[in-house]
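Note sheet for the following structure.
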2 protein chains.
Amino acid sequence: MDIQLKRGLLDVCVLAAIKDEETYGYKIIKDMKPYIEMSESTLYTILKRLEAAQMVNIRSAEHNGRLRKYYSITETGLKRIDEFRDDWKEIMTIYRFVSREDQDNE
Amino acid sequence: MDIQLKRGLLDVCVLAAIKDEETYGYKIIKDMKPYIEMSESTLYTILKRLEAAQMVNIRSAEHNGRLRKYYSITETGLKRIDEFRDDWKEIMTIYRFVSREDQDNE
DNA sequence: CATAAATACTTCGTGATACGATGTATATCA
DNA sequence: TGATATACATCGTATCACGAAGTATTTATG
């Protein structure tokens, strides 16, 4: 998929992946793969950004002798998903504008 | 609307605005205003980009003593709109992923 | 046992691009 | 006369997705 088209989607996708359960970076990438793909460098950048915006909480915990960072969503993060649903209405309007057929032919 | 969300949409919106009739920059902005807003600097950058990609043709003509640049869409430009429709299917999948409700509550 | 692959996270540099600010120039309107 | 609309252009900046590369451990695979 076009990289520019992904830009407004990725943040909210990651939030959606975290929404239901505390999870960690590597798992997020695998969970989202059927829907949208992103590189590791992208994901960890996004997670940092979401933390700075206080949309996720981070907890470090040992797993198999290694530290793993677990992410959970915050109220602000949930609000962000709701806002996306509002944006979606605008996007649908745009989509109809772009994909409309000419009145005359067909 | 979130600036990042617009990024993949703007190019194809401009193409859609040009699709039906030869038009010019200032008019495009006004035509699209109900659907999506963009600054003039953004629009003219996009038009240049679309020209470089041979998705639009440019014709300069005098209007009221001033030069005005008229844009029309090319085959490549029409193809770009079609490709966007394919991308749209992926976007819908992503939307469903983001906006799904939890299975348990509600 | 050695080597490869998977897991897990990090840092760095780059390229694409939307925008505000600013500039230029003419026409129209109050 | 001054403001507003029309019409296009240039420049610098901030955001951000990505590939490349690095670190380190665990788990196959031969």
Side-chain angles (χ1 to χ4, degrees), chain A residues 1-15 17-18 22-33 35-53 55-56 58-71 80 84 87 90-91 94, chain B residues 1-15 17-18 22-33 35-53 55-56 58-71 80 84 87 90-91 94:
Chain A
M1 193 168 95
D2 174 41
I3 183 173
Q4 300 305 326
L5 211 45
K6 287 164 81 173
R7 284 178 98 98
L9 268 19
L10 285 178
D11 278 38
V12 90
C13 276
V14 172
L15 285 173
I18 295 172
E22 197 185 51
T23 181
Y24 57 95
Y26 205 78
K27 186 167 186 293
I28 293 173
I29 289 182
K30 285 199 296 178
D31 287 347
M32 305 213 333
K33 199 154 195 171
Y35 305 103
I36 191 167
E37 291 189 45
M38 69 179 76
S39 70
E40 292 180 60
S41 55
T42 299
L43 199 243
Y44 291 110
T45 305
I46 289 173
L47 287 171
K48 244 177 235 165
R49 193 160 65 227
L50 293 176
E51 191 202 7
M55 294 187 185
V56 298
I58 307 191
R59 176 176 73 87
S60 285
E62 207 177 291
H63 176 82
N64 270 9
R66 275 180 293 183
L67 270 189
R68 197 193 255 171
K69 289 188 172 180
Y70 290 94
Y71 299 84
R80 176 75 179 79
F84 175 75
D87 279 341
E90 287 184 56
I91 292 189
I94 294 167
Chain B
M1 194 168 94
D2 174 41
I3 184 175
Q4 300 305 324
L5 212 45
K6 288 163 80 171
R7 285 177 99 98
L9 268 17
L10 284 177
D11 278 39
V12 90
C13 275
V14 171
L15 285 173
I18 295 171
E22 197 185 52
T23 180
Y24 56 96
Y26 205 77
K27 186 168 186 295
I28 293 173
I29 289 181
K30 285 199 296 178
D31 287 347
M32 305 214 332
K33 198 154 197 173
Y35 305 102
I36 191 167
E37 291 188 47
M38 69 179 76
S39 70
E40 292 180 60
S41 55
T42 300
L43 198 244
Y44 291 112
T45 305
I46 289 173
L47 286 171
K48 245 177 236 163
R49 192 159 68 226
L50 292 175
E51 191 202 7
M55 295 188 184
V56 297
I58 306 191
R59 176 176 73 86
S60 286
E62 206 178 293
H63 176 82
N64 271 7
R66 274 179 293 182
L67 270 190
R68 198 193 254 172
K69 289 189 172 179
Y70 291 93
Y71 299 85
R80 175 74 177 81
F84 175 75
D87 278 340
E90 288 185 56
I91 292 188
I94 294 167

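Chain letters run A, B, ... following the sequence lines, proteins first, then strands; residues in each count from 1.
- A side-chain N or O of Thr42(B) and one of Ser39(B) form a donor-acceptor pair less than 3.5 Å apart.
- We find that OH of Tyr24(B) is positioned 8 Å from P of dC8(D), with the value rounded to whole Å.
- Checking the phosphate oxygens (OP1, OP2) of dA8(C), no side-chain nitrogen or oxygen of Asn64(A) falls inside 4.0 Å.
- Rounded to an integer number of Å, the gap from CG of Leu43(A) to C1' of dT7(C) is 14 Å.
- Each of Lys30(A) and Arg7(A) was assigned the nucleotide of DNA chain C with the nearest heavy atom; the assignment lying further toward the 5' end belongs to Lys30(A).
- Between Ile29(A) atom CD1 and dA6(C) atom C1' the separation is 13 Å, expressed in whole Å.
- Here the side chain of Lys6(A) is nearest to one of dC18(D), dT11(C), dT6(D), namely dC18(D).
- Using modelled atom types, no side-chain atom of Lys33(B) and backbone atom of Met38(B) make a donor-acceptor pair closer than 3.5 Å.
- Of the candidates dA17(D), dC9(C), dA9(D), dA17(D) carries the atom nearest the Asp11(A) side chain, counting heavy atoms from C-beta on.
- At the phosphate of dA9(D), OP1 or OP2 sits under 4.0 Å from a side-chain N or O atom of Lys69(B).
- Ile46(B) comes within 4.0 angstrom of sugar-phosphate atoms only, judged by non-hydrogen atoms across all strands, and of no base.
- Looking at heavy atoms from C-beta onward, Tyr70(B) lies in side-chain contact with His63(B) at the 4.5 angstrom threshold.
- In this structure, CD1 of Ile28(B) is placed 12 Å from P of dA9(D), rounded to the nearest angstrom.
- For Lys27(A) and dA8(C), the shortest distance from a side-chain N or O to OP1 or OP2 is not below 4.0 Å.
- For the pair Arg59(B) and Glu22(B), the salt-bridge criterion is met [side-chain N within less than 4.0 Å of a carboxylate O].
- Distances were taken from every side-chain heavy atom of Arg68(A) (C-beta onward) to each of dT10(D), dC9(C), dC16(D); the shortest belongs to dC9(C).
- Atom NZ in Lys33(B) sits roughly 10 Å away from atom P in dT6(D) (whole-Å rounding).
- One finds a side-chain N or O of Thr42(B) lying less than 4.0 angstrom from the OP1 or OP2 phosphate oxygen of dC19(C).
- The side chain of Lys48(B) contributes an N or O atom lying less than 4.0 Å from OP1 or OP2 of dT10(D).
- The separation between Ile58(A) atom CD1 and dA8(C) atom P is 16 Å, rounded to whole Å.
- Looking at Leu9(A) and Leu5(B), their side chains come closer than 4.5 Å, going by heavy atoms from C-beta outward.
- Of the listed nucleotides (dA18(C), dA17(D), dC12(C)), dA18(C) has the atom at the smallest distance from the side chain of Ile3(B).
- At least one donor-acceptor pair under 3.5 Å links the side chain of Lys6(B) to the backbone N or O of Glu37(B).
- If you measure from atom CG of Leu5(B) to atom P of dA18(C), you get 12 Å, rounded to the nearest angstrom.
- With distances taken from any side-chain atom of Ser41(A) to the nucleotides dC12(C), dA8(C), dA25(C), the minimum falls on dC12(C).
- At dC9(C), one or more side-chain N or O atoms of Tyr44(A) fall inside 4.0 Å of OP1 or OP2 (strictly under the cut-off).
- Contact annotation for Glu40(A): base contact, defined as any heavy-atom pair under 4.0 Å involving a base atom.
- Regarding Arg66(A), its CZ atom lies at a distance of 9 Å from the P atom of dT25(D), rounded to whole Å.
- Contact annotation: Arg49(B) does not reach the phosphate of dA16(C) (side-chain N/O to OP1 or OP2, under 4.0 Å).
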